[in-house]
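Just so you know, these numbers use all the heavy atoms, side chains as well, and skip hydrogens, waters and symmetry mates. Within every chain, numbering begins at 1; the chains are lettered A, B, ... in the order of the sequence lines, protein sequences first and strands thereafter.
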Amino acid sequence: MRRVPHKPIYLFTSHTCRICMRIPVSEVTPETGRAEICGWVHEVRDLGGLVFFLVRDRSGIIQVTIPKKKVPQSVLENIRDVSRESVVRISGQVKAIDKAPGGREMVPETFELISRSASPLPLDVVEKVPADLDTRLDSRFLDARRPRVTSVFSIRSTVMRTVHEFLFQRGFINISTPKIVAAATEGGTELFPIAYFEKEAFLNQSPQLYKQMLMGAGFEKVFEIGPIFRAEEHNTTKHLNEATSIDVEVSFSDQNDVMDLLEELIVKLYGTVAGECQDALGNLEIKDFEVPKSPFPRLPYHEAIEIASAHLDEPIQYGDDIGTAAEKAIGEEMHQHYFIVDWPTEIKPYYAMPHDHDPTICKAFDLMHPRMELSSGAQRVHQHDLLVRQIASKGLNPDNFEFYLTPFRYGMPPHAGWGLGAERLVMTMLDLSNIREAILFPRDRHRLVP
RNA sequence: GCCCAGGUAGUGUAGUGGCCUAUCAUGUCGGCCUGUCACGCCGACGACUCGGAUUCGAAUUCCGACCUGGGCGCCA
């Protein structure tokens, strides 16, 4: 075989270290002088003797101006084949120009087409023509090039980083628990069955039972951020079949302690986003980003029902679940984050601790945003025999819970915790209309790809 | 699971029986253009989800399939 002479065109890591010269577009200022940028061709405006390229990387957009009579011949040859969304590398002099976006523009000395984009594009990145969410999700890699989408996920990243920092600062241990489990443990939601060699298995709906076992292990404060799976056939803008749960469990604490922790976290997250993500919020056209104030009101369940029944046509009474219409009515009344506390024991899971003074209500709570539920939690039952009775009272067989119940016989501390839906948190924080906007590759009733 | 709405160029749309050789925008291609910033102007290209039925005639009505969005339920 004849050897084709290798021409090193794009040696990003070679001794020439060309990539080292590249700077993010947002760092190009009128004072920069000479610079090299890499990015995607966002738009081209060809005026004849003068061509404007808008070049985008994840940090922003810069105008590259080509006066045809003044740039090297090689630049003119190379721009001929450039299509929208192609990857290019450009070096040249930065000039301060009032007329240009950002007050600066680059006039190229070199202009390389690194990776040509095919056309037509599956959707319009510039968004002169809007695309349906479904179309966008089909081509999520392209959709995610749009500054507003990049902004959502950079804010989500900031939120997740801040959750880690917040919990590590308070002495939490980060854990990872199985997503493949043996049985439907919690009841409530439907589980996805999977093939696990010769055994029946499921994808886990929640790390709940494992968090509690680790209280039995003496970890005292744990958190896990991971996927949860719900096999419900819902078709709404606020449900996913694979979601991200921020889960916390704390020993020697009660429901009030972990509600305090949760509201402090929420305030911290909003505050950090307000402080660090101004550009991203700007891309999302969010001008009045408000940091919620703690403490959040703690509304007893029976009062929540009263508010709902006063505003709804359909009857709702004590003991009913709070449905969509009730949730909306109460949210409009509260007009801020709030907790619903003191739920009827009957409609909460078996692991929620009943009150001493009135066992018909329990130490469970939901954290609500005016639009929807964000989190639910409780002080848990830590007494083995009570837990067995509660499991049985829900119509479940305690024998199936042996792996979970055993730790409760060997020194289980009192404990409390919660699970917070990450996508719902981001959705409500940024006022996104559909939860699918808050996750890169949503899994819903109809979507399994990409 | 129940209910409602929908499927027309790459993308987003107009079109409710003949005037559709299907509208508009964006895009792509070609031409003109040195300060655009949704650049502008001229020209071209490109589509009725599939199958069946009704009718002289169907993008349009009916039936079925497939796909999608939304509401409710359930759920976090």
Side-chain angles (χ1 to χ4, degrees), chain A residues 42-54 61-71 83-85 95 97-103 105 107 117-139 142-143 146 186-191 205-208 227-247 314 320-328 340 347-349 364-369 371-378 418-425 427-428 433-436 444-447:
Chain A
H42 191 66
E43 265 188 280
V44 182
R45 298 193 192 105
D46 186 346
L47 272 60
L50 191 62
V51 185
F52 298 104
F53 281 84
L54 298 183
I61 294 176
I62 186 171
Q63 176 165 291
V64 174
T65 303
I66 299 173
K68 283 190 181 167
K69 288 177 183 166
K70 295 177 188 165
V71 296
S83 53
R84 285 163 74 226
E85 294 306 315
K95 295 183 175 172
I97 302 275
D98 285 344
K99 290 179 272 195
E105 68 181 16
V107 178
S117 172
S119 72
L121 297 163
L123 58 85
D124 178 13
V125 176
V126 176
E127 236 191 357
K128 289 179 185 174
V129 178
D132 288 343
L133 181 59
D134 197 50
T135 305
R136 292 169 44 209
L137 292 175
D138 281 342
S139 298
L142 259 189
D143 181 52
R146 295 166 47 227
E186 271 193 62
T189 192
E190 292 293 315
L191 300 189
Q205 69 183 87
S206 152
Q208 180 62 29
I228 55 172
F229 304 92
R230 310 273 161 108
E232 299 290 341
E233 296 194 359
H234 31 225
N235 185 232
T236 76
T237 54
K238 60 179 184 182
H239 290 91
L240 293 166
N241 292 292
E242 178 178 349
T244 310
S245 179
I246 300 165
D247 258 276
E314 290 152 33
D320 288 346
D321 273 318
I322 294 178
T324 308
E327 193 173 272
K328 186 162 176 279
I340 301 177
I347 60 173
K348 280 290 177 184
F365 59 87
D366 282 4
L367 172 66
M368 309 296 295
H369 178 275
R371 287 176 70 188
M372 71 189 79
E373 180 183 340
L374 297 182
S375 168
S376 59
W418 40 257
L420 170 64
E423 284 81 16
R424 285 190 172 187
L425 173 67
M427 177 189 185
T428 51
S433 60
N434 193 313
I435 198 167
R436 295 164 183 82
D444 62 33
R445 180 70 186 85
H446 301 292
R447 182 172 289 278

From the set [options], return the single nucleotide nearest to any side-chain atom of [X].
| X | options | result |
| --- | --- | --- |
| A/Arg84 | B/A38, B/U68, B/G27 | B/G27 |
| A/Lys99 | B/U36, B/C33, B/U26 | B/U36 |
| A/Thr236 | B/G12, B/C72, B/G35 | B/C72 |
| A/Pro101 | B/C37, B/G70, B/A25 | B/C37 |
| A/His446 | B/C33, B/C75, B/G69 | B/G69 |
| A/Lys128 | B/A38, B/U28, B/C75 | B/A38 |
| A/Arg445 | B/C75, B/G1, B/G73 | B/G1 |
| A/Thr237 | B/G70, B/C75, B/G35 | B/G70 |
| A/Glu232 | B/G27, B/G12, B/C74 | B/C74 |
| A/Asn235 | B/U68, B/A38, B/G70 | B/G70 |

Any strand counts, and the cut-off is 3.5 Å on both contacts for Watson-Crick or G-U wobble. Which nucleotide pairs with B/G18?
B/C56

Let's test this: given Watson-Crick or G-U wobble pairing with both distances under 3.5 Å, identify the partner of B/C74.
none

Have a look at [X] and say if it touches a base, only the backbone sugar-phosphate, or nothing, with a 4.0 Å heavy-atom cut-off.
| X | answer |
| --- | --- |
| A/Asp132 | sugar-phosphate |
| A/Glu105 | base |
| A/Ala100 | base |
| A/Lys69 | base |
| A/Gln63 | base |
| A/Ile97 | base |

Should A/Ser119 be listed as having a side-chain N or O under 4.0 Å from OP1 or OP2 of B/G10?
no

Are A/Thr65 and B/G35 close enough that a side-chain N or O sits under 4.0 Å from OP1 or OP2?
no

Basic-acidic side-chain contact under 4.0 Å: [X], [Y]:
| X | Y | answer |
| --- | --- | --- |
| A/Asp366 | A/Lys348 | yes |
| A/Glu105 | A/Lys95 | no |
| A/Glu127 | A/Arg136 | no |
| A/Arg447 | A/Asp138 | yes |

Could you give the distance separating [M] and [N] at their [atom1] atoms, to the nearest angstrom?
| N | M | atom1 | result |
| --- | --- | --- | --- |
| B/A58 | B/G51 | C1' | 15 Å |
| B/G71 | B/C29 | P | 39 Å |
| B/C45 | B/U26 | C1' | 14 Å |
| B/C33 | B/C42 | C1' | 12 Å |
| B/G15 | B/U49 | P | 15 Å |
| B/C24 | B/A38 | C1' | 16 Å |

Measure CZ/A/Arg447 against P/B/U68 and give the value in whole Å, please.
8 Å

Per the side-chain contact (heavy atoms from CB on, under 4.5 Å) rule, which among A/Glu327, A/Lys238, A/Met427, A/Arg424 passes with A/Arg371?
A/Met427

Check whether A/Ser119 reaches the backbone of A/Leu121 with its side chain - one donor and one acceptor, N or O, closer than 3.5 Å.
no

Any donor-acceptor N/O pair under 3.5 Å between B/G12 base and A/Glu127 side chain:
no

Quiz question: going by heavy-atom distance under 3.5 Å, is there a donor-acceptor pair between the base of B/C75 and the side chain of A/His234?
no

Closest-nucleotide 5' rank along RNA chain B - winner of A/Arg436 and A/Pro120:
A/Pro120

Want to settle it: does A/Asp366 or A/Val129 sit nearer the 5' end of RNA chain B, counting the closest nucleotide to each?
A/Val129

Quick one: do A/Leu240 and A/Glu232 satisfy side chain to side chain contact (heavy atoms under 4.5 Å, CB included)? Show the steps, please.
CA-CA 9 Å; A/Leu240 293 166; A/Glu232 299 290 341; over 6 Å; no

